[in-house]
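Working notes, beginning with the structure itself.
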Amino acid sequence: MPVVAAPAEIAIDTHAHVFVQGLGLADGRRYTPDYDARLSDYLAQLDAHGLSHGVLVQPSFLGTDNAYLLSALRQAAGRLRGVVVVEPAVSDDALGAMAAAGVVGMRLNLVGQAPPALDASPWQGLLERVAALGWHVEVHLPAARLPEVMPPLLAAGCTVVVDHFGRPDPAGGIADPGFQYLLRQAGSGRVWVKLSGAYRNWPAGQEAAAGRDAARLLLDAYTAGRLVWGSDWPHTEHRHISYASTRQSLDRWIEDPGIRRAILADTPARLFQVAR
């Protein structure tokens, strides 16, 4: 398919998914989509909102079969980066091929799952190989469980990217002990946080104010140098959300245009290895 050239000025959406119906689905999945989220649709969203690049994240319901994501990266000719889901037994050749296609990270989606033994074999070996490639490890789980996975990842020398504000408990919000733990991890210098998916954390009608409060605390702790923004397109399980509303949310959370520019461009360009 033809790919529209990216805008000259860098602006990056760091969290989106592409898939179509009929792909092989993972056992034990929490969600089964009944619609398509095609590459062409996603690129159209980037174009419509003046975004030069995007990051495709492997959705949990596709498990470790990253073929559709990798095909999208190759079709988009450098406009996209990828974050995959892999097993510890993945070969070096497979990891190398993924890196060549534009993969820059590995995802641990542990919502509803027990954490693997990240401080023991075979996961330690995988983390070493991922770090050697210059990849980060993206984690997605409730904030209360961050202390289960952050210490072994940081001890292994990994760069860690935390999804969706860290997924604080809706009842506790910014007072959630897990969210407070996430704020303290800024001192490591190796943790980044995605300002994305606020609607996954707070009830409708509350996410705007709650997201703003959480973003300001994260900005104080992490600075714009370790915060990035993501649309979370196509907003799985929340289909009423529009791409435009997610982009507008960043403007409400971060009012200073210079700081917003860093979160949209400078910081994600470094983290996701985007060069123009």
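Being a predicted model, the structure only gives us computed values, none of them experimental.
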Checklist entry - In Å, rounded to the nearest 0.5 Å, how long is the span from CD of Q273 to NE2 of H136? => result 9.0 Å
Checklist entry - Are side-chain N/O atoms of R200 and T236 paired as donor and acceptor at under 3.5 Å? => result yes
Item to check | D93 side-chain N/O to S91 backbone N/O, donor-acceptor pair under 3.5 Å | outcome: no
Item to check | Donor-acceptor pair, side chain of D256 and main chain of I259, under 3.5 angstrom | outcome: yes
Next on the checklist: Do S231 and D13 pair up side chain to side chain, a donor and an acceptor below 3.5 Å, judged on atom types alone?
Outcome noted: yes
Next on the checklist: Do Y42 and L80 make a side-chain contact, defined as non-hydrogen atoms from C-beta onward lying under 4.5 Å apart?
Outcome noted: yes
Checklist entry - Could you walk me through whether L182 and F165 pass the side-chain contact (heavy atoms from CB on, under 4.5 Å) check? => result CA-CA 9 Å; L182 175 61; F165 288 87; over 6 Å; no
Checklist entry - Tell me, do I12 and R81 make a side-chain contact under 4.5 Å, heavy atoms counted? => result no
Next on the checklist: Rounded to the nearest 0.5 Å, what separates atom CD in Q248 from atom CH2 in W253?
Outcome noted: 11.5 Å
Checklist entry - So which heavy atom on A99 is nearest to which on L133, and how close? => result CB-CD2, 4.5 Å
Item to check | Salt-bridge criterion met for R216 and E255 (N-O under 4.0 Å) | outcome: yes
Item to check | N/O donor-acceptor pair under 3.5 Å between D169 side chain and G172 backbone | outcome: yes
Next on the checklist: Quick one, V86 with R107, criterion side-chain contact (heavy atoms from CB on, under 4.5 Å). Give me CA distance, side-chain angles, the key distance, then yes/no.
Outcome noted: CA-CA 8 Å; V86 294; R107 191 185 203 200; over 6 Å; no
Next on the checklist: Test side-chain contact (heavy atoms from CB on, under 4.5 Å) on T246 and D232; report intermediate values, then the result.
Outcome noted: CA-CA 8 Å; T246 65; D232 196 30; 6.0 Å; no
Checklist outcome for this item: Correct closest heavy-atom pair for L146 and G166 would be CD1-O, 4.1 Å
Checklist entry - So, the side chain of Q58 versus the backbone of D65: is there a donor-acceptor pair under 3.5 Å, distance only? => result yes
Next on the checklist: Please give me the minimum heavy-atom distance between L118 and L127, naming the atom from each residue.
Outcome noted: O-CD1, 3.7 Å
Checklist entry - Rounded to the nearest 0.5 Å, what separation is found between the CG atom of L271 and the CG atom of L227? => result 11.0 Å
Next on the checklist: Quick one, D36 with V18, criterion side-chain contact (heavy atoms from CB on, under 4.5 Å). Give me CA distance, side-chain angles, the key distance, then yes/no.
Outcome noted: CA-CA 8 Å; D36 297 336; V18 292; over 6 Å; no
Next on the checklist: Would you say that Q45 contacts W233 through its side chain, given a criterion of any heavy-atom pair below 4.5 Å between the two side chains?
Outcome noted: yes
Item to check | V111 reachable from V193 in the ILVMFWY side-chain graph, under 4.5 Å edges | outcome: no
Next on the checklist: Has R260 got a side-chain atom pairing as donor or acceptor with I254's backbone, closer than 3.5 angstrom?
Outcome noted: yes
Checklist outcome for this item: On a heavy-atom basis, the closest approach of P168 and G173 is CB-O, 3.7 Å
Checklist entry - Strictly by modelled atom types, are S249 and R252 linked by a side-chain donor-acceptor pair under 3.5 Å? => result yes
Checklist entry - So, do R129 and V90 sit near enough that their side-chain heavy atoms are less than 4.5 Å apart? => result yes
Checklist entry - About how many Å separate CZ of R212 and CD1 of I174, when rounded to the nearest 0.5 Å? => result 10.5 Å
Item to check | Check: R74 side chain, L69 main-chain N or O, donor-acceptor pair, under 3.5 Å | outcome: no
Next on the checklist: Applying a strict under-4.5 Å side-chain criterion to I, L, V, M, F, W and Y, I'd like to know whether M98 and V130 cluster together.
Outcome noted: yes
Checklist entry - Does one side chain, of H140 or R167, offer a donor that lies under 3.5 Å from an acceptor on the other? => result yes
Item to check | V83 side chain near V55 side chain, heavy-atom distance below 4.5 Å | outcome: yes
Checklist entry - Transitively linked via ILVMFWY side-chain contacts under 4.5 Å: L108 with V85? => result no
Checklist entry - Is the H238 ring parallel, tilted or perpendicular to the Y199 ring (thresholds 30°, 60°)? => result tilted
Checklist entry - Any luck finding a side-chain donor-acceptor pair between H49 and Y243 under 3.5 Å? => result no
Item to check | Separation between CH2 of W192 and CZ of R270, rounded to the nearest 0.5 Å | outcome: 8.5 Å
Next on the checklist: Between L217 and Y222, is there a side-chain heavy-atom distance shorter than 4.5 Å?
Outcome noted: no
Checklist entry - Stepwise, does the salt bridge (charged side-chain N to carboxylate O under 4.0 Å, His left out) test hold for E9 with R261? => result CA-CA 11 Å; E9 187 175 357; R261 179 68 193 158; 3.3 Å; yes
Checklist entry - When the ring planes of F19 and F61 are compared, do they come out parallel, tilted or perpendicular, using 30° and 60° as the limits? => result perpendicular
Item to check | Transitive ILVMFWY side-chain link W135 to V160, under 4.5 Å | outcome: yes
Item to check | Check: T267 and F272 side chains under 4.5 Å, non-hydrogen atoms | outcome: no
Checklist entry - How far apart are the closest heavy atoms of L51 and R79, and which atoms are they? => result O-NH2, 2.9 Å
Next on the checklist: Measuring only between side-chain heavy atoms, which start at C-beta, is E138 closer than 4.5 Å to D163?
Outcome noted: yes
Checklist entry - Looking at L56 and A72, what are the two nearest heavy atoms and their distance? => result CD1-CB, 3.7 Å
Checklist entry - Are L62 and Y35 grouped together when hydrophobic residues (ILVMFWY) are joined by side-chain heavy atoms under 4.5 angstrom apart? => result yes
Item to check | Spacing of CG belonging to L126 relative to CG belonging to L95, to within rounding of 0.5 Å | outcome: 7.0 Å
Checklist entry - Do H15 and S196 have side-chain N/O donor and acceptor atoms under 3.5 Å apart? => result no
Checklist entry - Is a side-chain N or O of K194 found less than 3.5 angstrom from the main chain of T14, in a donor-acceptor match? => result yes
Next on the checklist: Taking H164's backbone N and O only, do any of them form a donor-acceptor pair with N201's side chain (distance below 3.5 Å, no angle check)?
Outcome noted: yes
